[in-house]
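Below is one structure, written out as structure tokens; comments come after it.
Letters A, B, ... are given to chains in the order of the sequence lines, protein chains preceding strands, and every chain is numbered from 1.
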Amino acid sequence: MGKSIQMDISSDYQNDQPLIEHSKSIVHLDVDCFYAQVETVRSPELRGQPLGVQQKNLVVTSNYEARSYGIKKCMSVEDALHLCPNLILIRGEDLTPYRRMSAKISELLHQFTPLVEKLGLDENFIDVTSVVNEYATNISNQSRSSHNDQNTIQHESSFALHDKQSFKPIGEIFSHSEEECPCGCHTRLAVASKIAMDMRNKILNELGLTCSAGIAHNKLLAKLGGALNKPNKQTVVYPCSAAQLLSSLGSVSKIPGVGRRTAESLTANNILTVVDVRKTPLERLQVKIGKELARKIKDYAEGIDDAPVKPSGKPQSIGLEDGFKKVSLVDEVESRLSALLRRLTELAAEDGRIPICIKLTVRKQDSLSKPSFSTGKRESRQCALPQHLIPSNKGTNRGHVYDHLKILTLVMKLFHRVVNVSKPFHLTLLGLAFTKFQEEKSLGKCSIASFLRKQVAVQSVMDISSEEGFSDTSLGSPMSINQQERSDCEEDNDEEFRENKDFRNKVQFQSYSCHRIRGLDRATPSPSDIRCSGEDDEDILSEIEPSPKKTKLEVWLSGRRESPSNEMADLRLNTPSSSPISKNLLQTGPTAFKSTIPVDLDKQVNHSWPANTSNKKPNDIFKYFIANK
DNA sequence: CCGGGAATCT
DNA sequence: AGATTCC
């Protein structure tokens, strides 16, 4: 017991956070019927009419006019049209417009704070703790001196927060709490609710979208709270109402993180409601769903959630999928993959980063008893993009050049690895994704790794120690060999090292064999095999090779480069740092605050907290805020 | 043809 | 590489 308290304290200090119970302020923002709203912005003449967004044979979302006819999410087109013959349907398979809008929303939210976590395209968690605290700090500073020498907000009129009880949040409140929490969170959440309103106003004014929002001291409650009043509304959940909110959910499947699978496990144990979870001992719970999940669900059932808002940044992978009834011919596979690859390279070009790893996904039709019911599981294969297929922007200032045919050939190699085409096959889905990218800010010019990279860049494209030297013993069982050789090299490729095998050999890296894939390639020549002849073919035999194991030198080199973890280390040590993250944080200081919290917020707060600057003693409100700084 | 992604954990 | 979850 004493031990855990000790740990709690130390971790709080490490995070530079005070020992206040509900110290954080989290906003969950959810754009109302996102796809439908985006389509309405694109085609304003659609406003007011029942509108659905269609993907394949599904209406994946619809506006509220359509919902009034009883149309639900993911309803079939037929059913939807039956309910509402006038329903306007717009194709939404191409997510580009939604991605773009999502990026605009992210950008807008980043004006408030860098602590923005995306959940899908239309939801965001925003940790506004520091925004709330800065707001109070600024007020506090002003109450001490009439003129600001600091770079803080210059308010038209000075005012102070001298009356905590009269401050009420904007929007709805879940349940009416009898008493204020002694930690001061009610006041902080009230400020947060005004910030949430401001975010929503900005999104409406600048992007034309309405949102719903939840405001609470953790992500769980913010998300659940935001769903209580929709659309275009916001809801504050106080910590003291957490248990009540969770109880009111009823079914366990309403708990975020409890999907179909976990719900099934719980149901099988007669654990149906959130209250059931609460009554079930942890020991019994973790038998069924695993230790970590059980612990999390138990906490959730009480409204407890310590998870931080994790800034999202760029996606870790960029992918595309194409679902269909049935594809059984290699030629059709190739043409579909070709189309996917075209779009994928466009997406990657838009993203700007350079991909170094590609993954192919297939879904095989369930050949067992029920063809219609059970959709086959997905299987995937990935490999590093060989150096000479990694796009470069040499010669062109804009965009990177992809060698479509060669990459397609590589993708077909992956396909043959995952599908045995010598036997009949029935696929219902093909997917392609880039799953790794070169380091964004690349290495400093003085970095050794950078030097090496430049050196090797001019060397031969293909020199993996002659394939002739290897036997074809792997032909029969590629997977077993795969495992054998990959057993302890889960960490893939760093581009510096794939680029020159010569270099690797010279410094006596543990060399890796490259014969594993040969048998596969010869098994069934595909059209691409034929088209991509001669040296290219030999080229690709080696390219599909999984990435080499990390060596000590490689580890050392990768440690040299600027990496997120290094940046975080800087932050933890609280050292002055020139890292981008640190700069970013600094930028969200008073200046950013001023520019993003408009006057009307000030007015609202000012109104709720009448100025009382004269001779009241330091008020209670201050300490809540100041303690948080 | 129950969509098309993306993240996390194992 | 797969399973699961989320939207």
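Across all strands, Q54(A) comes closer than 4.0 Å to no nucleic acid atom at all (heavy-atom distances). Residue L429(A) is out of contact with every strand shown, counting any heavy-atom pair closer than 4.0 Å. Residue contacts for K310(A): at a heavy-atom cut-off of 4.0 Å it reaches the sugar-phosphate backbone alone, with no base atom in range.
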Using a 4.0 Å heavy-atom cut-off, write out nucleotides 2-7 of chain C from 5' to 3' as B (base contacted by protein), S (sugar-phosphate only) or - (no contact). SSSSSS

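The side chain of Q365(A) places no N or O atom within less than 4.0 Å of a non-bridging phosphate oxygen (OP1 or OP2) of dC1(B). Note on K56(A): every side-chain N or O is 4.0 Å or more away from OP1 and OP2 of dC1(B). OP1 or OP2 of dA6(B) has not a single side-chain nitrogen or oxygen of K118(A) nearer than 4.0 Å.
Salt bridge annotation for R99(A)-E350(A): absent, with no cationic side-chain nitrogen under 4.0 angstrom from a carboxylate oxygen. D322(A) and R363(A) are not joined by a salt bridge, as no carboxylate oxygen comes within less than 4.0 angstrom of a charged side-chain nitrogen.
Counting only N and O atoms by type, the side chains of N232(A) and R200(A) include a donor and acceptor under 3.5 Å apart. With hydrogens and angles left out, the side-chain atoms of S212(A) and D32(A) include a donor and acceptor closer than 3.5 Å. A donor-acceptor contact closer than 3.5 angstrom links the side chains of E39(A) and Y98(A).
Near DNA chain C, defined here as any heavy-atom distance below 4.0 Å, there are no residues from residues 74-102 of chain A.
In DNA chain B, stems built from 3 or more consecutive Watson-Crick or G-U wobble pairs, each with both distances under 3.5 Å, span B:4-10 with C:1-7.
Distance CG/L320(A) to CG/L95(A): 8.5 Å, rounded to 0.5 Å. Atom-to-atom distance recorded for L430(A):CG and L360(A):CG is 6.5 Å, nearest 0.5 angstrom.
Distance Q286(A) CD to dT10(B) P: 13 Å, rounded to the nearest Å.
Atom NE2 of H82(A) has 12 or fewer neighbouring heavy atoms from other residues, nucleotides or ligands inside a 6.0 Å radius. Applying the 6.0 Å contact sphere to CG of D306(A) captures no more than 12 heavy atoms from other residues, nucleotides or ligands.
Taking the C1' atoms as reference points, dG3(B) lies 15 Å from dT5(C), given to the whole Å.
Of the two residues contacting DNA chain B, namely L58(A) and I318(A), the nearest-nucleotide position lying further toward the 5' end is that of L58(A). Between Q316(A) and K325(A), the residue whose closest nucleotide on DNA chain B is further toward the 5' end is K325(A).
When all heavy atoms are compared, the tightest approach of D351(A) to K314(A) is O-NZ, 2.7 Å.
For K233(A) (side chain) and L228(A) (main-chain N/O), no donor-acceptor pair under 3.5 Å exists by modelled atom type.
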